[in-house]
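In what follows, a single structure is set out as structure tokens and then discussed.
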Amino acid sequence: MYLHSGCQIAVSPDTKYFAVDWLGVEVTRATLGIIGMGSIGYKVAQRARAFDMRILYHNRNRRRKEEEEAVGAHYCEKKEDLLQQSDFVMLVVNLTPETHRLIGKKELGLMKPTATLINISRGAVIDQDALVEALQNKVIRAAALDVTYPEPLPRDHPLLKLNNIIITPHIGTATVQAIHMMTEEAIANMLAVLNGQPVPSEVFPK
């Protein structure tokens, strides 16, 4: 929120001075709750540790003790415990029937009023109507979404009219290097199939 609106203030022709009381939220030593500690969630934890964040996670399966210790992550068997304790909640899950609308009115109500919800997974993991209501009524402080449903949102969608949300156009992997790596991986998988070899990135291994 502050980066986006701060940029607008900095470049606006109407700006004469910067307000000294325009303050953001500290990330260092804040609590990050990661829902979905797969390979991407774990990489998020590795980066969060560099900011000295307290890391909680909820996952279908608990990571090995040495993996938890390597990033200082603490397992929450109940998603509700993570939601109640976290300053930032990040969703890093696959979209499945079990995760569809994983975060709704009840879950948003469990979060701190000072918390921020971050979604880098799939839009349908969140009940967007419930999110609109939570942001309008300050049930949570803010949200940051790289994904929505649909993409893009209709231009009259209420999420686009709020000032406590950032929405980016599904650009989490939008770098030249990442696209090259994804293309190379796809080609490697196709060649493996054509040559009757095991598929390196099989989605549902036998």
Side-chain angles (χ1 to χ4, degrees), residues 1-36 40-41 44 47-48 51-58 79-93 95 99-172 174:
M1 268 52 72
Y2 284 87
L3 179 63
H4 176 67
S5 50
C7 177
Q8 292 179 322
I9 289 171
V11 303
S12 171
D14 300 322
T15 298
K16 295 181 174 60
Y17 61 89
F18 296 154
V20 295
D21 59 349
W22 201 61
L23 305 172
V25 175
E26 185 65 64
V27 171
T28 301
R29 290 181 293 280
T31 298
L32 170 65
I34 302 172
I35 299 180
I40 296 175
V44 169
R47 287 154 177 75
F51 288 94
D52 197 23
M53 299 187 82
R54 176 180 177 233
I55 302 168
L56 307 177
Y57 78 97
H58 173 75
K79 176 182 62 183
E80 291 77 10
D81 292 338
L82 179 147
L83 293 170
Q84 290 174 328
Q85 297 179 59
S86 300
D87 299 304
F88 298 89
V89 174
M90 182 175 285
L91 306 176
V92 202
V93 296
L95 179 59
T99 62
H100 183 259
R101 294 195 175 186
L102 182 72
I103 302 297
K105 183 172 183 175
K106 174 189 171 187
E107 290 75 21
L108 290 162
L110 290 172
M111 292 173 62
K112 297 178 181 181
T114 54
T116 297
L117 178 65
I118 303 166
N119 189 11
I120 62 169
S121 53
R122 288 293 182 269
V125 169
I126 296 176
D127 179 341
Q128 288 185 165
D129 292 336
L131 179 60
V132 168
E133 184 180 339
L135 291 171
Q136 287 175 335
N137 297 327
K138 304 297 190 289
V139 173
I140 63 172
R141 177 181 167 271
L145 313 177
D146 189 40
V147 287
T148 59
Y149 67 93
E151 292 177 351
L153 289 170
R155 297 298 86 186
D156 60 349
H157 196 282
L159 277 178
L160 303 180
K161 298 174 172 61
L162 299 172
N163 62 7
N164 54 345
I165 188 170
I166 286 179
I167 302 174
T168 49
H170 207 149
I171 55 172

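Since the model is a prediction, treat every value here as computed from it, not as a measurement. Sequence positions, counted from 1, serve as the residue numbers for this chain.
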How close do [X] and [Y] get, counting heavy atoms only, and between which atoms?
| X | Y | answer |
| --- | --- | --- |
| P113 | K138 | CB-O, 4.3 Å |
| P152 | R155 | CB-NH2, 3.8 Å |
| A115 | S86 | CB-O, 3.7 Å |
| G41 | V92 | N-CG1, 3.7 Å |

Any heavy-atom pair between the side chains of [Y] and [X] that's under 4.5 Å?
| X | Y | value |
| --- | --- | --- |
| I165 | L135 | yes |
| Q128 | L159 | yes |
| V25 | R141 | yes |
| V93 | S121 | yes |
| T116 | I140 | no |
| F18 | I9 | yes |

task: Can you establish whether the number of heavy atoms outside F51 located under 6.0 Å from its atom CZ is more than 12?
output: no
task: Verify the neighbour count for atom CD1 of I40: are there more than 12 heavy atoms of other residues, nucleotides or ligands below 6.0 Å?
output: no
message: Before you tell me yes or no, could you show the steps for Q84 and M111 under side-chain contact (heavy atoms from CB on, under 4.5 Å), namely the whole-Å CA-CA distance, both residues' side-chain angles and the distance that decides it to 0.1 Å?
response: CA-CA 5 Å; Q84 290 174 328; M111 292 173 62; over 6 Å; no
Nearest 0.5 Å please: distance from the [atom1] atom of [X] over to the [atom2] atom of [Y].
| X | Y | atom1 | atom2 | answer |
| --- | --- | --- | --- | --- |
| H157 | L162 | NE2 | CG | 9.5 Å |
| T31 | R29 | OG1 | CZ | 11.5 Å |
| H4 | N163 | NE2 | CG | 10.5 Å |
| F88 | T114 | CZ | OG1 | 9.0 Å |
| I103 | L131 | CD1 | CG | 10.0 Å |
| L153 | T148 | CG | OG1 | 3.5 Å |

message: If we check side chain to side chain contact (heavy atoms under 4.5 Å, CB included) with L32, which of these qualifies: V27, V44, L56?
response: V44
field: side chain to side chain contact (heavy atoms under 4.5 Å, CB included) partner of L91, the single match among I126, I120, L145, I118
entry: I126
Has the side chain of [X] got a donor or acceptor atom that lies under 3.5 Å from a matching backbone atom of [Y]?
| X | Y | answer |
| --- | --- | --- |
| N119 | R122 | yes |
| K112 | V139 | no |
| E107 | G104 | yes |
| D146 | H170 | yes |
| Q85 | L82 | no |
| S12 | D14 | yes |

- request: Apply side-chain contact (heavy atoms from CB on, under 4.5 Å) to V89 and L83, showing your working.
  value: CA-CA 7 Å; V89 174; L83 293 170; 4.0 Å; yes
field: Side-chain donor-acceptor pair present, D52, T28, cut-off under 3.5 Å
entry: no
